[in-house]
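Read through the structure below, which is laid out as structure tokens, and then see the notes.
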Amino acid sequence: MHDIFNFLMMLAVILAAAKLFGSLAVRFGQSAIVGELIAGAIIGQSVLGIVRETPALSGIAELGAVILLFEAGVSMDIKEFAKAGGWAAAVAFAGVILPYFLGYHVFMYFGLSGAQAIFAGAVLTATSVGITARVFMDLKRIDTQEAKIVLGAAVIDDVIGLAILAVVLKLVTGGAVTFSTVTQVSATAVLFLALAVGAGLLIAPTVFKYVSKLKQEHAAYIVALVFCLIISSLSSKVGLASIVGAFAAGLVVSATKQKEEIKRDIKPLYAFLVPVFFVLMGTQVDVGTFNPFVAANREILLLTAALFAAAVIGKAAAGFVVFKKGADRLLIGVSMVPRGEVGLIFAGIGLKNGVFGSSQYSALTAVIMLTTFVTPFVLKYMISKKTE
């Protein structure tokens, strides 16, 4: 009974803190994610000590990550993969290669292990385009060529990022880094995604056509959720992260006629599970590591600063592969800078698998929060200057 009391009270505190700090972040023009991370850092062990990670809370957070990537897949139009132009693909590939290279070498420069450097590079490859899209929409610039290139690149970036995650996770937990290992894991990731999406697109129309005839409320949503959980579990079974399967399942569902109905019905589950994931990620941040008056912390602060520079430069430079007439290459690059929820998932998986210690994880989380926090201000300034 005591364990149940503690679990329910911690869950209540997590949800209340997520809502409070998330609302404050939105009020100050930031993503709710920033507020939820800050909430986690405050109620976690390094500050107030109210919440600690337990197997039950960890399970809820894991499910939150699955639902997050499933919803991201559902919200995409799978046809955008075909429509994304060559410039979008170029930006996506450059925006993966450059940050990975820089992140890897920053970690190696600070004397960290090869496995940590490999995973750090993977964390910096992620892009969270939701924040960027919101800025373009608010300023009524979503129909510009820069916005179209960025959104197309983000779609491709997501797929490359998930494949990289699958490869890196296998490498840091399963043995030596060899060309054959990389090839095998990459092939597995691509083959699984292709089969999951391909088979799903063939089967889904028939299944959902039958489901639409049922008189049960939320039937399409439940079937979609079952499909998501099955594909996620299969993804885990073949050695990939469960979120890879969740994203693939979401892409399949995005092609169904019930897409909007499913997106509407999943909102309450999303609102419950996803904040738990972000708050619990925030609790893993050791706030004490950023105290500049402690000599031992100064190297972590330097690591954070170096990683932040690598995170910004790597993505901003990717915009300069575009040579389309009239395109603002710096604006395109800066638009790719926010890491947001995808980067946090990568960092969290690294922590969970023992790749990162609390110091390295805290540094990476700080970088992700900074890119999420700073970019909207810079974008608003750059877009406003263009429209003057």
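Scope of the values below: all heavy atoms of this structure, side chains included, with no hydrogens, waters or symmetry mates.
- The number of heavy-atom neighbours closer than 6.0 Å to CZ of Arg264, taken from other residues, nucleotides and ligands shown, is above 12.
- Cluster annotation: Val96 and Leu102 are assigned to distinct hydrophobic clusters (Ile/Leu/Val/Met/Phe/Trp/Tyr, side-chain heavy-atom contacts under 4.5 Å, transitive).
- Glu62 and Ser242 form a side-chain donor-acceptor contact under 3.5 Å, judged by distance and modelled atom types alone.
- Here the straight-line distance linking atom CE of Met281 with atom CD1 of Ile368 works out to 10.5 Å at 0.5 Å rounding.
- Between Gln116 and Gly357, the shortest heavy-atom distance links the atoms NE2-N, 4.4 Å.
- Taken to the nearest 0.5 Å, the CD atom of Gln360 stands 5.5 Å off from the CD1 atom of Ile300.
- Under a 3.5 Å cut-off, the side chain of Gln45 and the backbone N or O of Val51 do form a donor-acceptor pair.
- Atom NZ in Lys237 sits 15.0 Å away from atom OG in Ser232 (nearest 0.5 Å).
- Residue Gly245 comes nearest to Ile231 through the heavy atom pair O-CG2, 3.3 Å, listed as atom of the first residue, atom of the second, then distance.
- Looking at heavy atoms from C-beta onward, Val226 lies out of side-chain contact with Val223 at the 4.5 angstrom threshold.
- Listed here is the closest heavy atom pair of Gly319 and Arg329: O-CB, 3.3 Å.
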*Take Tyr109 and His105 through the ring pair (Phe, Tyr, Trp, His ring centres under 6.0 Å) test and state the conclusion after the steps.*
CA-CA 6 Å; Tyr109 177 81; His105 283 284; over 10 Å; no
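- Checked by atom type and distance alone, the side chain of Thr365 pairs as donor or acceptor with a backbone atom of Tyr361 at under 3.5 Å.
- Contact check for Ile60 versus Phe7: side-chain heavy atoms found under the 4.5 Å cut-off.
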*side-chain contact (heavy atoms from CB on, under 4.5 Å) between Ile118 and Phe107, worked out*: CA-CA 9 Å; Ile118 288 169; Phe107 256 52; over 6 Å; no
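- You'll find the side chain of Leu124 stays beyond 4.5 Å of the side chain of Phe308, heavy atoms only.
- Residue Phe356 is grouped with residue Val106 when hydrophobic side chains (ILVMFWY) are merged at heavy-atom distances under 4.5 angstrom, including chains of intermediate members.
- Heavy-atom neighbours of Phe93 CZ from other residues, nucleotides or ligands within 6.0 Å: at or below the threshold of 12.
- Side-chain N or O atoms of Gln258 include none that pairs as donor or acceptor with a backbone N or O of Tyr221 at under 3.5 Å.
- Heavy-atom minimum distance, Leu229 versus Leu63: CD2-CD1, 3.9 Å.
- A salt bridge does not link Lys267 with Glu71: none of the charged nitrogens is closer than 4.0 Å to a carboxylate oxygen.
- Grouping the Ile, Leu, Val, Met, Phe, Trp and Tyr side chains by contacts below 4.5 angstrom, directly or via other members, places Ile4 with Ile14.
- A donor-acceptor contact shorter than 3.5 Å links the side chain of Asp328 to the backbone of Leu330.
- In this structure, Phe70 has its ring center at least 6.0 angstrom away from the ring center of Phe247.
- In this structure, the side chains of Phe277 and Ile67 stay at 4.5 Å or more apart for every pair of heavy atoms.
- Within the 4.5 Å cutoff, side-chain heavy atoms of Leu225 are placed close to those of Leu269.
- Side-chain heavy atoms closer than 4.5 Å link hydrophobic residues (I, L, V, M, F, W, Y) into clusters, and following such links, even through other members, never connects Val26 to Leu20.
- Side-chain contact check for Val123 versus Val367: every heavy-atom pair is 4.5 Å or farther apart.
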*Walk me through it: do Val322 and Val91 pass the test side-chain contact (heavy atoms from CB on, under 4.5 Å)?*
CA-CA 7 Å; Val322 177; Val91 170; 3.3 Å; yes
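- A continuous path of hydrophobic side-chain contacts links Leu302 to Leu364 [ILVMFWY only; heavy atoms under 4.5 Å].
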_Is there a side-chain contact (heavy atoms from CB on, under 4.5 Å) between Ile203 and Phe208? Walk through the geometry before answering._
CA-CA 9 Å; Ile203 297 168; Phe208 280 95; over 6 Å; no
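- The shortest distance between side-chain heavy atoms of Ile332 and Trp87 does not fall below 4.5 Å.
- Counting non-hydrogen atoms of other residues, nucleotides and ligands closer than 6.0 Å to NZ of Lys263 gives a total above 12.
- Proximity of a side-chain donor or acceptor of Lys315 to a complementary backbone N or O of Met336 within less than 3.5 Å is not detected.
- The main-chain N or O of Ala347 is never found under 3.5 Å from a side-chain atom of Lys352 such that the two would form a donor-acceptor pair.
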*Output, in order, the C-alpha distance, side-chain angles, deciding distance and verdict of side-chain contact (heavy atoms from CB on, under 4.5 Å) for Ile50 and Met10.*
CA-CA 7 Å; Ile50 300 172; Met10 284 194 292; 5.7 Å; no
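- Counting only distance, with no hydrogens or angles, the side chain of Ser58 and the backbone of Pro55 share no donor-acceptor pair below 3.5 Å.
- Within the 4.5 Å cutoff, side-chain heavy atoms of Ile42 are placed close to those of Phe21.
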